[in-house]
Number of protein chains: 2
Amino acid sequence: MLAKVGGELSLASSIHDLARHLNISIGTVSRALNGRADVNADTRQRVLEAAKKLNYSPNQSGRSLRQGATRSIAFMLQPHPGDQQYGEPFFIPFLTGLQARLADYDLDLMVVMGEPGQYQQERLRRVVETRRADAVVLANTRREDDRIDYLSKAGFPFATLGRSQSGGDTYPSLDIDFERAGDEAVDRLVARGHRRIAAIRPSHDLNFGYLFLDGYRKALERHGIEVDPGLIADGFINEAGGYQVTADVMLSKDRPTAIIFNNDAMALGGCKALAEMGIRPGHDIAVIVIVDTPLCRYFSPALTAFRPSLEPMGQRLAEMLLASIPAFAGPEGPRIIREVWPLELVARDSD
Amino acid sequence: MLAKVGGELSLASSIHDLARHLNISIGTVSRALNGRADVNADTRQRVLEAAKKLNYSPNQSGRSLRQGATRSIAFMLQPHPGDQQYGEPFFIPFLTGLQARLADYDLDLMVVMGEPGQYQQERLRRVVETRRADAVVLANTRREDDRIDYLSKAGFPFATLGRSQSGGDTYPSLDIDFERAGDEAVDRLVARGHRRIAAIRPSHDLNFGYLFLDGYRKALERHGIEVDPGLIADGFINEAGGYQVTADVMLSKDRPTAIIFNNDAMALGGCKALAEMGIRPGHDIAVIVIVDTPLCRYFSPALTAFRPSLEPMGQRLAEMLLASIPAFAGPEGPRIIREVWPLELVARDSD
DNA sequence: TGTGTTCTCGTAAACGTTTACGGAAAAACG
DNA sequence: CGTTTTTCCGTAAACGTTTACGAGAACACA
């Protein structure tokens with residue numbers, strides 16, 4: 001179906017055009033442009049001038065083919081299903097940081113989107129197998145993640161935003177300290193007199209749900225509070241899921257006096273359920289959200305939440321990824337780095 | 001700096017491997033895979049089986065080089081400056097629709113991000129000149145947009161989300177009917193008894209700001225209300241800008257009784273200014289926002305707003321773009337389509 | 001002057017595809 | 001059986017790069 005596209009560009013000059021124009025060989029032109037040593041100083045000068053004059057820039061397909069590298073990194077962005085109208089604002093600042101650091105290394109960032117419903121595996125395979133990118137960055141890691149299994153089995157370079165139990169220690173990862181956030185949230189609530197604290201998290205095997213719960217449990221134990229399974233609930237990771245599961249928890253015979261939500265969308269749905277029951281966050285119940293978004297801030301009452309520093313995280317993960325790839329890393333060779341970053345509590349009106 | 005990356009992939013089999021394995025020529029293999037007519041039915045069968053067995057998939061760089069087309073479309077995503085913590089949720093559903101339709105044509109979507117502050121021109125040139133994509137999609141169109149000038153001068157295929165005065169009728173565009181939304185907003189407010197209605201919009205030469213104002217003016221005239229320049233104000237397109245300009249307008253001697261904000265972030269900042277002055281939207285003043293986001297919905301009071309249907313718009317713009325490219329379009333040849341879609345009023349509590 | 005080094009450049013192959021062309025074999029037709 | 005058409009496949013060039021190799025010229029040194 002597709003033939004030549006954009007072939008009529010007047011600005012599409014090749015290395016051959018430069019060579020012909022200067023009456024030298026294409027080899028010399030290429031060496032001059034790539035800054036190799038074995039080219040005379042003033043032929044290099046002439047080549048660079050001609051390149052500017054003829055508006056030359058290298059064809060990336062040709063270069064990729066020859067070098068076996070595309071100089072682009074793929075980020076797999078997966079919209080959540082049921083996330084009807086608007087997507088996750090979470091990723092934009094992260095991507096901003098990621099892209100900025102990659103640009104320092106002259107690498108392009110390419111965001112690959114999947115259909116909202118289906119899982120990413122197919123799209124990921126496509127990127128890898130057709131060699132559209134040199135490495136990929138994964139997000140929304142699951143506890144057992146077949147994308148990670150696939151990539152490490154294939155020996156394809158990648159890094160993850162979020163940890164997983166899959167793949168061992170073979171890839172760099174950067175995660176938020178959900179465990180500590182869960183712990184601190186409980187700490188804060190206990191200090192304010194709460195003993196019946198509910199934990200609401202997404203199902204789907206998303207790994208941060210487990211980490212959060214670990215911290216929650218650990219803090220309860222430290223305070224000598226028995227963990228009540230009836231206060232721990234999973235739901236679909238969107239507003240409807242949060243509504244549903246919150247309603248369930250609040251209808252149990254022994255209600256919690258505080259809820260920690262592991263996701264902002266679920267918190268919003270939960271608050272809707274609370275409102276319908278006449279229960280006011282900040283007055284009748286305490287609410288804390290683990291990952292802050294603008295919605296938490298503008299909601300009424302404004303929700304107390306733990307906030308990550310997304311843009312620096314994006315920058316850092318780019319560095320970690322690059323350091324793990326032999327062809328990019330310095331003489332020391334590849335290094336696998338894993339980091340877990342703290343969150344900052346933003347105290348507002350809901351607890 | 002970069003050498004071979006991922007070259008050790010066990011799954012990287014080429015068309016030569018297939019040919020050797022089957023003892024036929026690479027030409028035949030290629031023809032079989034591409035479904036050409038001049039290949040025997042069972043050699044095609046054997047090729048397809050071998051391709052599956054050896055896990056073959058074509059190297060995109062090789063294919064792109066030969067065909068002069070990359071089979072990918074670039075979307076230029078530009079985070080607004082000062083948009084500190086979280087970015088625009090606006091684009092995710094739009095991109096979801098765009099990607100879905102492109103996938104139907106076996107095209108990849110590649111989102112190219114720029115630095116938050118600087119303008120996109122440089123990054124755009126890079127994509128075009130290194131021929132990383134076959135076409136691009138632009139957003140945040142300005143009234144005079146040098147990206148559009150550049151692309152149409154270069155003869156590079158593109159489409160825009162939003163109109164512009166640049167480039168003439170040479171490219172497809174899909175826009176929201178800001179004019180009508182501004183008109184309807186005034187209508188609604190006048191029907192509720194307002195006569196002093198302020199219009200607050202972004203500066204930056206963003207085109208939708210002009211369109212909105214046209215509708216606003218037209219509706220006022222229709223109702224026989226004189227346009228008061230003191231009620232029209234421009235500000236930086238973020239919360240701080242909205243705060244600033246709203247405070248200014250409210251400090252004028254003859255205050256408005258209603259405000260139409262042309263941007264959600266500015267509306268949020270404006271409401272903060274109002275709150276500090278003890279003015280309550282929905283009681284002491286009416287507030288309407290032109291483009292709805294989840295923030296409008298969760299804000300307190302929930303903001304009345306006009307909502308676009310972003311995902312269908314993404315799908316439609318993909319179709320329009322493809323129809324405009326000779327190599328993609330059907331036998332009728334290229335067609336330039338321009339569409340303007342209506343918004344839906346979501347009445348909430350602020351007016 | 002002869003020999004060895006250093007600079008500089010051209011030649012050609014290679015990366016993985018697709019495709020125009022031609023030719024051999026098979027089929028169709030008289 | 002001879003001729004023409006059809007079917008099928010191999011050959012080779014081409015897309016735009018990079019780079020290993022070698023060779024000529026200039027230079028240094030004895």
Side-chain angles (χ1 to χ4, degrees), chain A residues 1-9 11-47 51 54 56-71 129-132 134 327, chain B residues 1-9 11-20 22-47 51 54-71 129-132 134 327:
Chain A
M1 156 166 279
L2 172 65
K4 311 251 172 187
V5 171
E8 74 285 24
L9 285 193
L11 44 73
S13 66
S14 81
I15 215 170
H16 290 91
D17 300 326
L18 282 189
R20 201 173 325 118
H21 183 255
L22 292 169
N23 235 5
I24 58 179
S25 77
I26 60 165
T28 304
V29 174
S30 176
R31 282 190 300 263
L33 292 171
N34 291 352
R36 305 194 88 85
D38 57 347
V39 45
N40 186 294
D42 46 82
T43 55
R44 158 166 300 131
Q45 185 63 25
R46 285 169 49 227
V47 168
L54 298 194
Y56 169 81
S57 49
N59 178 304
Q60 186 56 44
S61 300
R63 179 177 271 193
S64 299
L65 180 58
R66 170 62 214 229
Q67 315 218 103
T70 62
R71 293 215 74 84
E129 291 175 5
T130 64
R131 269 132 284 172
R132 269 196 184 276
D134 297 338
Chain B
M1 157 168 280
L2 171 65
K4 311 251 171 184
V5 172
E8 75 285 25
L9 285 193
L11 44 73
S13 64
S14 82
I15 214 170
H16 290 91
D17 300 325
L18 283 190
R20 200 173 325 117
L22 292 169
N23 235 5
I24 58 179
S25 79
I26 60 165
T28 304
V29 173
S30 176
R31 282 190 300 264
L33 292 171
N34 291 351
R36 304 194 90 83
D38 58 346
V39 44
N40 186 293
D42 46 82
T43 55
R44 158 165 301 131
Q45 185 63 23
R46 283 168 50 224
V47 169
L54 298 194
N55 197 11
Y56 168 81
S57 49
N59 179 304
Q60 187 58 42
S61 299
R63 180 178 269 193
S64 299
L65 180 58
R66 168 64 213 231
Q67 315 218 104
T70 61
R71 292 214 75 85
E129 290 175 5
T130 64
R131 268 131 287 171
R132 270 194 183 275
D134 297 339

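Just so it is clear: chains get the letters A, B, ... in the order the sequence lines come, proteins before strands, and each one is counted from 1.
- Smallest separation of non-hydrogen atoms from B:Tyr56 and B:Ile15: CE1-N, 3.6 Å.
- Nearest heavy-atom pair across A:Asn34 and A:Arg63 is OD1-NH2, 4.1 Å.
- Under 4.0 angstrom from either OP1 or OP2 of C:dT17 there lies no side-chain N or O belonging to B:Ser30.
- If you measure from atom CD1 of B:Ile26 to atom P of C:dT19, you get 13 Å, rounded to the nearest angstrom.
- Atom CG of A:Asp38 is separated from atom P of D:dT19 by 11 Å (rounded to the nearest Å).
- Considering every non-hydrogen atom in both A:Ser13 and A:Leu54, the closest pair reads OG-O, 3.2 Å.
- For the residue pair B:Ser61 and A:Leu65, the shortest heavy atom distance occurs at CB-N, 3.8 Å.
- Atom-to-atom distance recorded for B:Thr70:OG1 and B:Arg132:CZ is 9.5 Å, nearest 0.5 angstrom.
- Along DNA chain D, the nucleotide nearest to B:Leu65 and the one nearest to B:Gly27 differ in position, and the one closer to the 5' end is contacted by B:Gly27.
- Atom CZ of B:Arg71 is separated from atom P of C:dT17 by 16 Å (rounded to the nearest Å).
- Using a 4.0 Å heavy-atom cutoff across all strands shown, B:Ile24 reaches sugar-phosphate atoms only and no base atom.
- Among the heavy atoms of the strands lying under 4.0 Å from A:Asn40 are primed sugar atoms or P, OP1, OP2 only; no base atom is included.
- Taking 4.0 angstrom as the limit, A:Ser64 places none of its side-chain polar atoms (N or O) nearer than this to OP1 or OP2 of C:dC15.
- Between the CZ atom of B:Arg66 and the C1' atom of C:dA20 there is a distance of 9 Å, given to the nearest Å.
- If you take CZ of B:Arg44 and P of D:dT7, they are 13 Å apart, rounded to a whole angstrom.
- Listed nucleotides: D:dT19, D:dC9, C:dG10. Nearest to the side chain of B:Thr43: D:dC9.
- For DNA chain C, the stems formed by at least three consecutive Watson-Crick or G-U pairs, with both atom-pair distances below 3.5 Å, span C:1-30 with D:1-30.
- The phosphate of C:dC9 has neither OP1 nor OP2 within less than 4.0 Å of any side-chain N or O from A:Thr28.
- Taking each heavy atom of B:Val39 and B:Thr43 in turn, the nearest pair found is CG2-OG1, 3.4 Å.
- Counting to the nearest Å, the P atom of D:dC8 and the CG atom of B:Leu22 are 17 Å from each other.
- Rounding to whole angstrom units, CG of residue B:Asn23 and C1' of D:dG10 are separated by 13 Å.
- Looking at every heavy atom in both residues, A:Arg71 comes nearest to A:Asp134 through N-OD2, 2.7 Å.
- Contact check, A:Arg31 against C:dT8: no side-chain N or O comes under 4.0 Å of OP1 or OP2.
- Residue A:Asn59 places none of its side-chain N or O atoms closer than 4.0 Å to OP1 or OP2 of D:dC15.
- Projected onto DNA chain C by closest heavy-atom contact, B:Arg36 and B:Ser61 fall at different nucleotides, the more 5' of which corresponds to B:Ser61.
- Taking atom CZ on B:Arg63 and atom P on D:dC15, their separation rounds to 19 Å, with Å as the unit.
- Each of A:Ser64, A:Ser57, A:Pro58 was scored for a side-chain contact (heavy atoms from CB on, under 4.5 Å) with A:Gln60, with one residue passing: A:Ser64.
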